[in-house]
Amino acid sequence: MNGSLCAYWLSITDGIGNASARSLLEYAGSYEEIWELTPGELASPALKLPPSAVSALKKERNEDEIQKSYENMLASGISFYHDRHPAFPGKLKDIYNPPSWIYVKGKLPDPGKLSVAIVGARNCSEYGRYVTRKISKALGDAGISVISGMARGIDGIAQKAVLESGGYSCGVLGCGVDICYPPENKDIYDFLLSSGGLISEYRPGTKPVSGQFPMRNRIISGLSDVVIIIEARERSGSLITADMALEQGKDVYALPGRVTDALSHGCNRLIKQGAGIILSPEEFITDMITDRLLVQNTLEDPVTEAVPAEEGLTKARQMTLTALYDLTESEQKIMSVMDFYPKSVKKLQDETSLDPASLYAALTGLTLKGLTGQNGNHYYLSGK
Amino acid sequence: MFCYVQTGAVSGMRCDAIRVEVDCSSGLPCFQMVGYLGSEVREARERVKVALKNSGHPLPAANLNVNLAPASIRKSGTSYDLPIAVGILAALGKLSQEDLSDTLFIGELGLDGDLRGVRGILPITEDAASRGIRRIILPLTNVTESSLVPGIEVIGASCLSEVYEYLSASPEERSGIISPAGTFDIESYLNSAESEAPDFSDVHGQDTVKRAAMVAAAGFHHMLMIGPPGSGKTMIAKRMPSILPKLTPKEALDVTSIYSVAGLLKDGKPLISSRPYVAPHHTITEQALAGGGSIPRPGVISLAHRGVLFLDELTEFDRSTLDIMRQPLEDKKIHIVRSFGSYTYPADFMLVAACNPCPCGYYPDMNKCRCTPTQVNRYLNRVSGPLLDRIDICCDVEAIDLCDSDIRNKPDPLSSCVMRERITAARERQAYRFKGKQISFNSEMSVKDIESMCRLGSAGELLFRSANETLGLSARSYHRILRVARTIADLEDSDEIRENHLAEAIFYRTSGSRYWGK
């Protein structure tokens with residue numbers, strides 16, 4: 001029995017968790033030696049194993065069966081690395097309660113490259129969605145890896161945007177790597193398989209159970225150098241990731257929002273507590289790189305110019321749009337008050353004082369021209 | 001001696017002529033009734049026997065046989081008491097057959113001989129008049145309802161002995177006993193009727209919704225309002241009847257017939273003069289909505305005929321109950337099949353529905369809404385797609401901050417009166433367009449009508465093509481959008497459908513799909 005196979009055996013044995021595995025390894029010295037432990041040694045009080053774990057280990061072992069199941073797993077494209085394996089990410093070894101093993105589908109993040117975790121609300125706003133895309137694209141272009149949880153909302157949007165820009169992204173799952181959860185992110189799951197990676201400490205076939213998701217957050221922050229929180233409510237799972245990152249000594253950045261937006265409360269509070277503030281993707285990347293004095297080949301000439309504020313549309317841009325899309329007078333009026341923050345039809349009417357009939361007609365026009373997006377009855381700039 | 005008396009019965013909205021045949025002969029004394037009788041009709045024997053005795057005509061010891069013909073139609077209800085009693089009086093030789101043959105009798109008897117009102121009088125009178133019957137004798141309470149029909153003499157009596165006295169008098173003396181009721185002037189009654197519906201001027205700061213409501217009312221299009229709780233959806237729906245065009249005399253008679261059959265006409269209000277507004281609770285059953293019972297009474301959708309059917313909290317209704325409306329929404333009537341036969345009720349109503357956008361009601365306001373996208377989706381999917389596809393106008397209602405003094409102090413919110421003026425003008429344009437056709441509203445246009453009456457300019461065609469590519473419209477929605485666009489053009493007093501009319505119609509059509517992600 002080699003080390004990987006022994007570790008694999010431990011990982012698929014019911015009743016053996018991270019803590020038991022770690023004390024076993026400390027006691028025995030290596031995974032091969034765990035296999036050789038006698039029933040008497042297993043039950044020794046020095047190991048402090050719970051009785052259920054002891055009885056699980058004492059059970060009859062079939063070496064051939066373990067070997068076969070291991071090979072089947074490898075054949076299905078899943079790799080397995082224990083913490084003594086050379087390919088096991090070094091960053092994960094240094095965190096509190098490190099995982100004893102990980103299952104991987106696709107590629108592991110390049111240890112020589114910077115990596116950033118982007119996490120945020122599942123039920124995010126249009127603003128969050130827009131900024132996430134911008135930041136992720138910039139990170140992807142700069143060759144920085146993006147780590148996230150492939151969840152609904154911000155996580156998935158970030159990973160998709162990175163992959164689309166040709167960058168690397170890695171999804172840390174709270175279920176087995178062979179399960180796509182949430183199912184609607186199937187496209188992102190497939191994309192990550194082909195051009196990124198999927199990591200989980202849970203064995204293949206493990207169902208998504210709510211208790212496992214906060215645990216995987218420590219791996220997300222552990223794998224990254226910097227954690228960005230895009231949108232988070234006052235009590236949010238993303239804040240757990242931020243806490244873990246701080247415990248692990250990582251930098252935390254947060255995207256500021258309006259104080260009236262419940263979805264930005266968590267982020268604004270993080271900023272008050274001293275988290276970095278994100279003003280533009282380029283500025284963030286420059287900050288991060290100068291902080292680390294680590295210049296990437298791909299980013300020889302970092303862009304430093306600040307982007308203009310996105311609130312409303314500048315006059316010049318408006319004129320260009322009018323010329324480009326042949327906007328009617330009422331469409332121009334609406335565009336001048338339109339924002340990345342979704343506004344309701346009624347609010348647009350109040351601000352433009354157009355009569356309802358022309359407002360409705362103009363909104364249809366803008367939608368058909370692709371200039372606006374909709375979220376229920378709320379309209380926002382599509383950023384075209 | 002053999003005698004017969006004419007009466008009538010309604011089943012569904014259809015009327016049947018019924019002949020009450022009575023034969024009195026010597027033999028063992030008995031009183032028998034035949035003719036496929038329901039239990040209420042079988043009980044008529046006891047009522048008639050006692051009522052006759054108490055009116056001074058005790059039954060002689062003779063062999064009395066009563067048949068209600070045709071015997072193949074099931075008889076139900078209490079309206080046969082009077083014709084049976086009159087038939088017996090004639091068979092006993094107290095009345096002459098000649099006085100009875102061109103007269104229709106209908107009414108329920110009390111044991112003291114009092115006459116009581118029955119339901120379905122209006123359609124029965126209409127049917128009798130069309131069959132050439134000259135005179136109808138019925139309970140006093142039904143007189144006004146019956147006098148809505150021109151060309152028939154309506155005699156209202158309070159008790160059986162009054163009917164006997166009237167019939168046994170010579171024709172010249174009869175008008176001294178009971179004078180025939182005058183014909184009811186429907187038109188002036190309708191014109192003088194005051195609308196009871198509350199006014200739109202009570203609704204502040206909802207101009208966007210009022211516009212949608214105006215389009216819906218002008219073309220009789222179905223409408224759905226989506227908005228958070230307390231935003232005024234119900235308030236707006238309640239005011240819809242106040243802007244709908246007034247009932248025409250024919251429509252008023254149609255609606256009154258349905259209420260008459262359902263037995264829902266109120267005393268002192270013989271004619272339904274304003275458009276019905278029916279708002280059933282969301283726990284309503286399929287039978288109550290469509291019409292239920294072994295001989296079905298009109299359901300809620302028929303009671304809303306030519307008026308507004310308001311379904312508040314649309315998503316809370318039972319899905320199968322809602323789906324019942326799919327066929328009536330297309331055909332404007334409902335066929336109900338029961339063991340005793342099939343029944344058809346008109347159901348040409350304007351569907352106004354309201355619902356919240358998500359379980360908590362606040363989506364897409366992210367500060368208040370905590371629902372997940374899946375929850376939002378599941379909530380709206382409780383309403384079936386085909387039903388939503390039949391709703392032309394979808395609009396959002398947003399909560400108004402009444403503490404904002406700007407809204408309260410805004411001069412004169414749009415009132416029903418102003419809105420109705422514009423709608424009436426649009427209605428006149430429609431009436432002119434549909435002259436000589438069976439339809440009166442844009443929403444009723446057939447595909448062929450649309451092709452000839454809703455021509456688009458080249459700019460409109462282009463807009464439609466781009467909408468089709470961007471938003472993916474179905475063939476049904478193509479025609480539905482054109483109908484609404486036609487109404488908008490009518491409201492704007494324009495002969496052709498312009499680009500902005502079409503764009504507005506597309507907005508109404510597609511704005512709902514943003515919620516249920518099509």
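The analysis underlying the following values was restricted to heavy atoms, covering all of them including side chains, and did not include hydrogens, waters or symmetry mates. Sequence lines set the chain letters: A, B, ... in the order given, protein chains first and strands last, and positions in each chain run from 1.
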Backbone of N367(B) reached by a side-chain donor or acceptor of D261(A) within 3.5 Å | no

Residue selection (most heavy-atom pairs with chain B, distance under 4.5 Å) from R152(A), R233(A), E184(A) | R233(A)

State, to 0.1 Å, how close D396(B) and V345(A) come at their nearest heavy-atom pair, and which atoms those are.
-> OD2-CG2, 4.5 Å

Do Q349(A) and T208(B) get their side chains close enough for a donor-acceptor pair, meaning under 3.5 Å?
-> no

Do you know which two heavy atoms are closest between Y360(A) and V209(B), and how far apart they sit?
-> OH-N, 4.2 Å

Correct closest heavy-atom pair for R211(B) and P356(A) would be CB-CB, 3.6 Å

What is the distance from atom CG of N500(B) to atom OG1 of T328(A), rounded to the nearest 0.5 Å?
-> 9.0 Å

Taking atom CZ of R422(B) as the centre, report whether more than 12 heavy atoms of other residues, nucleotides or ligands fall under 6.0 Å from it.
-> yes

From CG (D207(B)) to OG (S353(A)), nearest 0.5 Å | 11.0 Å

What's the shortest heavy-atom distance between T470(B) and T367(A), and which atoms?
-> CG2-O, 4.3 Å

Contact class of T372(B) relative to chain A, heavy atoms under 4.5 angstrom | backbone

Distance in Å, E504(B) CD paired with L363(A) CG, rounded so as to fall on 0.5 Å steps | 11.0 Å

Okay, C369(B) and chain A: the region with an atom under 4.5 Å from a heavy atom over there is backbone

Crowding at NZ, K343(A) (>12 non-hydrogen neighbours, <6.0 Å) | yes

Check whether any side-chain heavy atom of K346(A) sits under 4.5 Å from a side-chain heavy atom of V397(B), and report yes or no.
-> no

Taking atom CZ of R382(B) as the centre, does the number of heavy atoms from other residues, nucleotides or ligands within less than 6.0 Å exceed 12?
-> yes

Turns out that what part of L502(B) lies under 4.5 Å from chain A's heavy atoms comes down to neither

Specify which of R370(B), K368(B), E492(B), Q206(B) makes the most heavy-atom pairs with chain A at under 4.5 Å.
-> R370(B)

Going from CZ on R465(B) to CG on L368(A), what distance comes out if it is rounded to the nearest 0.5 angstrom?
-> 13.5 Å

Rounded distance (nearest 0.5 Å) linking atom CD of E398(B) with atom CG of D350(A) = 8.5 Å

